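Only one structure is covered here, and it is reproduced in the block below.
For the numbers below, each heavy atom of this structure counts, side chains included, while hydrogens, waters and symmetry mates do not. Because the structure is predicted, anything quoted here is derived from the model rather than measured.
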Amino acid sequence: MSAPTSVSQEVLLNHTLVTEFLLLGVTDIQELNPILFVTVLAMYFVNVAGNGAILMIVISDPRLHLPMYFFLGNLACLDICFSTVTVPKMLENFFSTSKAISFLGCITQLHFFHFLGSTEALLLTVMAFDRFVAICRPLHYPAIMNSQVCIQVAISIWAIPFLHALVHSILTSQLNFCGSNHIHHFFCDVKPLLELACGNTELNRWLLNTLTGTVAIGLFFLTFLSYFYIVTYLFLKTRSCSMLHKALSTCASHFMVVMIFYAPVLFIYINPDSGSSLEKDRIIAVMYTVVTPALNPLIYTLRNKEVRGALNRKIRILL
């Protein structure tokens, strides 16, 4: 066995077979690690506690057994899982000397990262459509968004991205990795792994930049279109100021979550390879893996009267 920081390799058919990778982390400045550890741990705690509370009250409070809160519960569960894919390993590596992750562990992390990230993008689009139907087609809402449809949509939201991520993970696992096994990131993602790959990676890059990019832009466009139509409808059709304020307030919290999620994602996955550095990608990745999942429960509890009320009722019962 070689030293912890050395490259673990086997020679096979005149190629160097990498059996593990070293995650270099968020920063190369070691003095910042204790501060980053405390900050990331605090954000992760807020994420798990906040989203856990939302999930609990959505399940336990009968008044929140509505399509909007059903999907909100899915988002809360998703945010906890999404952060858990990367944050525990990130926290461990702040003080670890090896920073190693096995080849299988790396591909598994890559798969679940893309699976849960794509699921969130699709879920936010469905939540926008739910608000569009509720506000612009209120008479048809019970028929369109009935419980059976919601369950079928939820299954599709989780199943389709799983298959999409499976394509990335299978194709990435088939690449030959030779030379350095140092990943300039705090988790395994397709982009930094392609930098280490030997041979032809054109198909992988096309899938990442063109297919994944097109899907991300398409979902963002559909989400934006739903909110644009809602705002236009409200200003043209609604004459009640209180109803207008309530509808806009509900949509504002949703749209805020959408913008916080999509801004860093689009920057990384739509930018051409030549135009973005891995250093910049690492910083932006912290936003959507650590910060965004922690902000989502704060946004929904602070801006949503029903969620706040349900949370207050639960706290009074517990006390």
Side-chain angles (χ1 to χ4, degrees), residues 47-84 115-164 219-220 222-227 229-230 246-262 292-315 317:
N47 169 17
V48 174
N51 283 302
I54 288 178
L55 191 58
M56 178 190 67
I57 61 174
V58 166
I59 293 172
S60 62
D61 195 322
R63 297 177 222 192
L64 299 184
H65 290 177
L66 300 169
M68 173 182 167
Y69 300 107
F70 171 73
F71 292 121
L72 178 58
N74 274 264
L75 180 63
C77 177
L78 188 56
D79 278 336
I80 293 173
C81 296
F82 189 43
S83 278
T84 303
F115 160 44
L116 296 171
S118 302
T119 302
E120 181 150 354
L122 192 54
L123 178 58
L124 290 173
T125 303
V126 170
M127 291 175 75
F129 177 74
D130 172 72
R131 290 300 84 209
F132 161 73
V133 177
I135 294 170
C136 303
R137 301 287 186 272
L139 297 179
H140 299 94
Y141 184 74
I144 296 173
M145 301 301 291
N146 60 63
S147 58
Q148 186 178 355
V149 168
C150 288
I151 292 170
Q152 290 172 348
V153 168
I155 292 171
S156 300
I157 286 171
W158 289 85
I160 294 171
F162 184 88
L163 298 175
H164 171 256
L219 290 176
F220 176 74
L222 290 174
T223 306
F224 180 80
L225 193 64
S226 294
Y227 288 119
Y229 198 96
I230 288 169
K246 182 180 178 182
L248 287 176
S249 179
T250 302
C251 290
S253 59
H254 287 221
F255 192 67
M256 198 180 301
V257 168
V258 169
M259 292 309 296
I260 291 172
F261 173 77
Y262 271 106
T292 302
L295 289 179
N296 285 355
L298 296 176
I299 292 170
Y300 278 110
T301 51
L302 290 174
R303 296 191 62 87
N304 191 295
K305 186 178 177 181
E306 286 77 14
V307 174
R308 275 203 319 270
L311 190 59
N312 289 334
R313 287 192 296 273
K314 195 68 179 178
I315 291 171
I317 292 170

_Testing the basics here: between Cys150 and Phe70, what is the closest heavy-atom pair and its distance to 0.1 Å?_
O-CE2, 3.5 Å
_Show me the pairs that pass salt bridge (Lys or Arg N to Asp or Glu O under 4.0 Å) and involve residues 149-161, at least two apart or across chains._
none
_Checking Thr84 now: which residues fulfil side-chain contact (heavy atoms from CB on, under 4.5 Å) with it, not counting sequence neighbours?_
Tyr44, Ile80, Pro88
*If you take all heavy atoms of Tyr227 and Val258, which pair is closest and at what distance?*
CE1-CG2, 4.2 Å
*asked:* Give me the atom names and distance for the closest heavy-atom approach of Phe132 to Ser226.
replied: CB-CB, 4.3 Å
*Where does the angle between the aromatic ring planes of Trp158 and Phe115 fall among parallel (under 30°), tilted (30 to 60°) and perpendicular (over 60°)?*
perpendicular
*Not counting sequence neighbours, which residues clear salt bridge (Lys or Arg N to Asp or Glu O under 4.0 Å) with Arg313? List them please.*
Asp61
*asked:* Distance check, rounded to the nearest 0.5 Å: Ser147 atom OG versus Leu66 atom CG?
replied: 11.5 Å
*So which heavy atom on Leu219 is nearest to which on Thr125, and how close?*
O-OG1, 3.3 Å
*asked:* With rounding to the nearest 0.5 angstrom, report the CG to CG distance, Leu122 to Leu78.
replied: 10.5 Å
_Can you pull out every side chain to side chain donor-acceptor pair (under 3.5 Å) where at least one residue sits in residues 63-72? Sequence neighbours excluded, please._
Tyr69-Asn304, Tyr69-Glu306
*Carefully, step by step, assess Glu120 and Leu116 under the rule side-chain contact (heavy atoms from CB on, under 4.5 Å).*
CA-CA 6 Å; Glu120 181 150 354; Leu116 296 171; over 6 Å; no
*Smallest separation among heavy atoms of Ile54 and Pro297, with atom names*: CD1-CA, 3.5 Å
Donor-acceptor list for residues 135-145 side chains, cut-off 3.5 Å, not counting sequence neighbours:
from   : atom 1 : to     : atom 2 : distance (Å)
Tyr141 : OH     : Asp130 : OD1    : 2.6

_Verdict with reasoning, Ile260 to Met256, per side-chain contact (heavy atoms from CB on, under 4.5 Å)_ = CA-CA 6 Å; Ile260 291 172; Met256 198 180 301; 4.2 Å; yes
*Rounded to the nearest 0.5 Å, how far does OG1 of Thr223 lie from CG of Leu123?*
10.0 Å
*Please round to the nearest 0.5 Å and tell me the distance separating atom CZ of Phe261 and atom CG of Leu75.*
9.5 Å
*Mind checking the CD1-OG spacing from Ile151 to Ser156? Nearest 0.5 Å is all I need.*
12.0 Å
_Where Pro293 and Asn47 come nearest, the two heavy atoms and their spacing_ = O-OD1, 3.5 Å
_For Val153, give me all partners under side-chain contact (heavy atoms from CB on, under 4.5 Å), at least two apart in sequence or on another chain._
Phe71, Val126, Val149, Ile157
*Roughly how far, to the nearest 0.5 Å, is CG of Asn146 from CD of Gln152?*
8.0 Å
